[in-house]
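The structure appears below as structure tokens.
Note: hydrogens, waters and symmetry copies are ignored here, and every other heavy atom, side chains too, is used. Below, chain A is the first sequence line, B the second, and so on; all start at residue 1.
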Protein chains: 2
Amino acid sequence: MEKPWQDKLRQIDPYVPGEQSKDPDLIKLNANENPYPPSPAVAEVFRTFPTAQLRYYPDANSGNLRAALARHFGVGENQIFMGNGSDDVLALCFQAFFCSDKPILFPDVTYSFYPVWCSLFRVPYETVPLDADYRIRPADYARPNGGVVLPNPNAPTGIGEGLDFVEALLRCNPDSIVIIDEAYIDFGGQSCLPLLEKYENLVVVQTMSKSRSLAGLRVGYAIASPELIATLEAVKNSYNSYTMDMLTLAAATASVEDDAYFRATCAKVAATRERSQERLRALGFTVIPSLTNFILATHPRVPAQEIFTQLKARKIFVRYFHLPRVDNHLRITVGTDAEMDKLFEALTEILA
Amino acid sequence: MEKPWQDKLRQIDPYVPGEQSKDPDLIKLNANENPYPPSPAVAEVFRTFPTAQLRYYPDANSGNLRAALARHFGVGENQIFMGNGSDDVLALCFQAFFCSDKPILFPDVTYSFYPVWCSLFRVPYETVPLDADYRIRPADYARPNGGVVLPNPNAPTGIGEGLDFVEALLRCNPDSIVIIDEAYIDFGGQSCLPLLEKYENLVVVQTMSKSRSLAGLRVGYAIASPELIATLEAVKNSYNSYTMDMLTLAAATASVEDDAYFRATCAKVAATRERSQERLRALGFTVIPSLTNFILATHPRVPAQEIFTQLKARKIFVRYFHLPRVDNHLRITVGTDAEMDKLFEALTEILA
């Protein structure tokens, strides 16, 4: 039944986020979450937080956290923008930097939110196919565009490229903003942050959800030239000045300041990933070499959907993609060594 | 110097949020913050939160919190939408509900973010003057429009209107979405939530920043018909599925479940407001009767700017508006009785 006010509503396909299972016996390798808890310094912040302060508005400028990140990365505080998860940061980047009539470019196989933001903010876009080895070729981005965004390492392939790759992309895009989404960089990839000194049109986006085990708190950030950060701040402050709550600011700061724990956790995940890739290959899987905390794999004999279903019956959740190009692939988040051992046990049974 | 990528940037006036002072001796009556801490149940959530869980993504559907609010208000869970402060909720409402070529309508003296969101989302608007007594007249909104948004009680006037007022507004706007921003409702206003049963085009927005002393955590919500809530969810999930972090969800739920504390705190603020209005009148101020946690007042003899400056020198911060219509007014947030006594002492000196 048509109602008189319905023509004023935004027409949009409802996206339904995946439900989080509450079963404690579950081995959850489906959301690229970190298998280790956050730094003990974060727990300490929770225990000692002066909750009476919550009656005040938080620091809209995220001062302490930005200062900690500036020290950590050796950049200026005016080069850092904080957001409510890297999705918030990327969505604001789309609004701030992709204001052209020309289409923006991103890979055909990549983070699924890019086309969603284009639709929401009415940004025209074209996708650029990965090559036969699932790699991104910078030369394919050497054409007129309204901007470029891509993850490095890419998701869900897991392939990470080096500094030369990003510089090649920047060299053929002097007229556009180039956003490199480094959500998975800390597990062995090479960050392009050193290129910021040379390229004022580069924006690097990172998140604390994966490598810092803080998905539950929602922290992401962009690092770029002061001019681009000022534009992001202006857009954000026209939307909601207070996106970062007090506890999140304090906990994220504590995480950044505990560098030893951060490095140790990332190294453990990377070691388990390397070992897991070998085990998967030994089981007959074709594995795309990953520099992230997940592995994209396919089995030549048993369909991915069947493996997915049988793992689920054994309370092991992985991700199965119906997407073109990576159809018949499983995306397996790297868990603890014990979790991965249970996975390999189950896979051995399923493939027998 | 023009750079080749600058034409792709969003052109927007930078809005600079007010800085929060860290001086503990300050009497802070300038941001409409609650003088009392949040419920002790919130502190307990902080102390006992299982921080290891932070490695997981939070519940994108805010299930427990929505259930608690649904019980509290006697509405369906599918009638509640959660956001990162009511600014986030309102900004999403502007994107979801104001998709018409006709201008939306709001008062000329009202919440300063409305025109900012119109500019950000390119929503045409017209402002409707308050009457000579600073009141909103529903009849002035009986003309073709793309939507209506207004706070009740209004800010910064503090004037609250009854159910008849909102129903009159709805009766002359059957073709539009009508958003009633009830940020200050809990301090003595009459909520229009009962009208939801009759009007599917009504959206009620509230916040936990003021009456629940949770400004530091960022929690707001909209209550409306299931159809409007589904549209809001679709827009939000196209932007950022995980806006509400785990700790905020748990702490806000604890606050809602401690109704006795909430009622007692609101009643204390309302009692101090009534007493403060009398004291201000006794000092010669003209006071607009307020149903909020702030008071808008002007002195016939001493300019507001001078009082503002002299209070600041005494470490008492209030808000002074340069705006047309309410120029020469001070907006004074209601503090504790002890804080207000210090204010009146200072005012007595300044006016002497």
Side-chain angles (χ1 to χ4, degrees), chain A residues 4-5 8-10 12 14-15 17 20 31 33-34 37-38 42-43 46-47 49 51-60 84-85 87-88 91 95-100 116 120 146-147 174-177 201 213-218 231 234-235 237-243 245-248, chain B residues 4-5 8-10 12 14-15 17 20 31 33-34 37-38 42-43 46-47 49 51-60 84-85 87-88 91 95-97 99-100 116 120 146-147 174-177 201 213-218 230-231 234-235 237-243 245-248:
Chain A
W5 37 265
K8 272 96 174 179
L9 301 192
R10 185 71 188 255
I12 198 156
Y15 165 89
Q20 292 281 42
E33 291 152 334
N34 199 308
V42 169
F46 274 61
R47 301 296 161 253
F49 193 86
T51 48
Q53 296 293 311
L54 293 175
R55 67 190 186 86
Y56 295 119
Y57 282 88
D59 174 9
N84 181 25
D87 282 350
D88 180 39
Q95 294 174 82
F97 303 137
F98 294 159
C99 299
S100 160
V116 176
L120 183 62
D175 300 345
S176 294
I177 307 298
N201 58 326
S213 308
L214 291 177
L217 273 194
R218 322 305 308 123
T231 303
V235 173
N237 284 321
S238 297
Y239 184 93
N240 182 5
S241 312
Y242 301 99
T243 52
D245 70 69
M246 280 182 183
L247 190 278
T248 297
Chain B
W5 38 264
K8 273 95 174 177
L9 301 192
R10 185 72 188 255
I12 199 157
Y15 165 88
Q20 292 281 41
E33 291 151 335
N34 199 308
V42 170
F46 274 61
R47 301 296 162 250
F49 193 86
T51 48
Q53 296 293 311
L54 293 175
R55 67 191 187 85
Y56 295 119
Y57 282 88
D59 174 8
N84 182 24
D87 282 349
D88 180 38
Q95 293 174 83
F97 304 137
C99 300
S100 161
V116 177
L120 183 62
D175 301 345
S176 294
I177 307 297
N201 58 326
S213 308
L214 291 176
L217 273 194
R218 320 307 309 123
T231 302
V235 173
N237 283 321
S238 297
Y239 185 95
N240 182 6
S241 310
Y242 301 99
T243 51
D245 70 70
M246 280 183 184
L247 191 276
T248 298

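Between chain B and the options A:Ala215, A:Ser176, A:Gly85, the largest number of non-hydrogen pairs under 4.5 Å is found for A:Ala215. Of the listed residues (A:Val235, A:Ile177, A:Asp87, A:Leu9), the one with the most heavy-atom contacts under 4.5 Å to chain B is A:Leu9. Contact count against chain A (heavy-atom pairs under 4.5 Å) is highest for B:Cys99 among B:Pro38, B:Cys99, B:Pro37. Among the candidates A:Leu214, A:Val42, A:Asn84, A:Asn34, the residue making the largest number of heavy-atom pairs closer than 4.5 Å to chain B is A:Asn84. Interface check for chain B: of the options A:Thr248, A:Thr243, A:Thr231, the most heavy-atom pairs under 4.5 Å are formed by A:Thr243.
For the residue pair A:Tyr242 and B:Arg218, the shortest heavy atom distance occurs at O-NE, 2.6 Å. Closest of all the heavy-atom pairs between B:Pro4 and A:Pro174 is CG-O, 3.4 Å. In terms of heavy-atom proximity, B:Leu120 sits nearest to A:Ser238 at CD2-O, 3.7 Å. Between B:Ser100 and A:Lys8, the shortest heavy-atom distance links the atoms CB-CG, 3.7 Å. Here the shortest heavy-atom pairing between A:Gln95 and B:Tyr239 reads NE2-CE1, 3.6 Å. Closest approach of A:Pro58 to B:Gly216, counting heavy atoms only: CD-CA, 3.9 Å.
Using a distance-only test at 3.5 Å, with no hydrogens or angles considered, a donor-acceptor pair links the side chain of B:Arg47 to the main chain of A:Phe49.
Contacts between B:Leu217 and chain A at a heavy-atom distance below 4.5 Å involve backbone atoms as well as side-chain atoms.
By the 30° and 60° cut-offs, the orientation of the rings of B:Phe46 relative to A:Phe46 is tilted.
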